[in-house]
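These numbers come from the heavy atoms of this one structure, side chains and all, not from hydrogens, waters or symmetry mates.
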Amino acid sequence: MRDTGDAVVVRGEEELFERTAHLFATAGEVACAANDLHTWAAARRRRSGTARHPATLRVRKIYRPGVLLDPATARHLREVAEAGADIRITAEEINETIILDRRLAILAGDLAAGVRGYSVVTVPEVVQGVCSLFEAAWRGATELAVYESRFAEIRLLAPRILDLLGSGCKDETAARRLGMGLRTYRRRVAELMAALGATSRFQAGIRARELGLV
């Protein structure tokens, strides 16, 4: 742990939530942005996603589309939504953040030696800036049910597309094997890459392996 006055930097989720568990327990409003369900895994263990949120607690969560590629993960998100949380999906880059009662922000850092660092910030001006970024991302995101209905075909085709990308076959051949036109195939590949947060087909394969999709 490193204390910088108005910000505390901790290493690892367990240390983070040992220090903030009491704040989660008493929060009236929680806002969360994450690329996937792993960044805040300790929070999910401490606040069961299937436990119904109290009527007085407002929970909003934003995720990247990659969370919908795995049927089990998608099912978990639906259960969280049914428990009372508002969930939206965005294809845009997001800052992985948790905001409690608009008074405290937890910012996820990079992994170092397999351990992620987190900054716990209480500076009002900084927290307000983080809140503004979250609200902008929230306005531009799509409700879970709406996005998932659009995403169903991509999720269905993802394993086959990933296999074809991994085999190195040409787009024309891959499109033919999937029974679709070349332009349609390339559009599906682009949509899958966006869902995985990848900027290249090679990176898409890496991300797919990280998520256990291949």
Output yes when a side-chain donor or acceptor of Asn35 lies under 3.5 Å from a complementary backbone atom of Arg64, and no otherwise.
no

Under the side chain to side chain contact (heavy atoms under 4.5 Å, CB included) rule, collect the residues that match up with Leu23, sequence neighbours excluded.
Thr20, Leu100, Leu104

Distance in Å, Ser167 OG paired with Arg177 CZ, rounded so as to fall on 0.5 Å steps
6.0 Å

Pairs under 3.5 angstrom only: tabulate donor-acceptor contacts from the side chains of residues 84-93 to other protein residues two or more places apart or in another chain.
residue : atom : partner : partner atom : Å
Arg88   : NH1  : Trp138  : O            : 2.7
Thr90   : OG1  : Glu92   : N            : 3.1

For Arg201, salt bridge (charged side-chain N to carboxylate O under 4.0 Å, His left out) partners two or more places apart:
Asp171

Under 3.5 Å: donor-acceptor pair, side chain of Asp70, backbone of Ala72:
yes

Of all residues at least two apart in sequence or in a different chain, which pass the salt bridge (charged side-chain N to carboxylate O under 4.0 Å, His left out) check with Arg160?
none

Hey, could you give me the CG/CD1 distance between Leu107 and Ile99, rounded to the nearest 0.5 Å?
8.5 Å

Taking salt bridge (charged side-chain N to carboxylate O under 4.0 Å, His left out) as the test, write out the residues that go with Glu148, two or more places apart.
Arg78, Arg155

Give the cluster check for Val120 versus Phe24: same hydrophobic cluster or not, with ILVMFWY residues linked at side-chain heavy-atom distances below 4.5 Å.
yes

Would a distance-only check, ignoring hydrogens and angles, find a side-chain to backbone donor-acceptor pair under 3.5 Å from Asp36 to Val67?
no

Side-chain donor-acceptor pairs of residues 125-136 under 3.5 Å, sequence neighbours excluded:
residue : atom : partner : partner atom : Å
Ser132  : OG   : Gln128  : O            : 3.1
Glu135  : OE1  : Arg60   : NH1          : 3.2
Glu135  : OE2  : Arg60   : NH1          : 3.4
Glu135  : OE2  : Arg60   : NH2          : 2.6
Glu135  : OE2  : Arg102  : NH2          : 2.9

Hydrophobic clusters here meaning ILVMFWY residues chained together by side-chain heavy-atom distances under 4.5 Å, can you tell me if Leu196 and Leu37 are in one?
yes

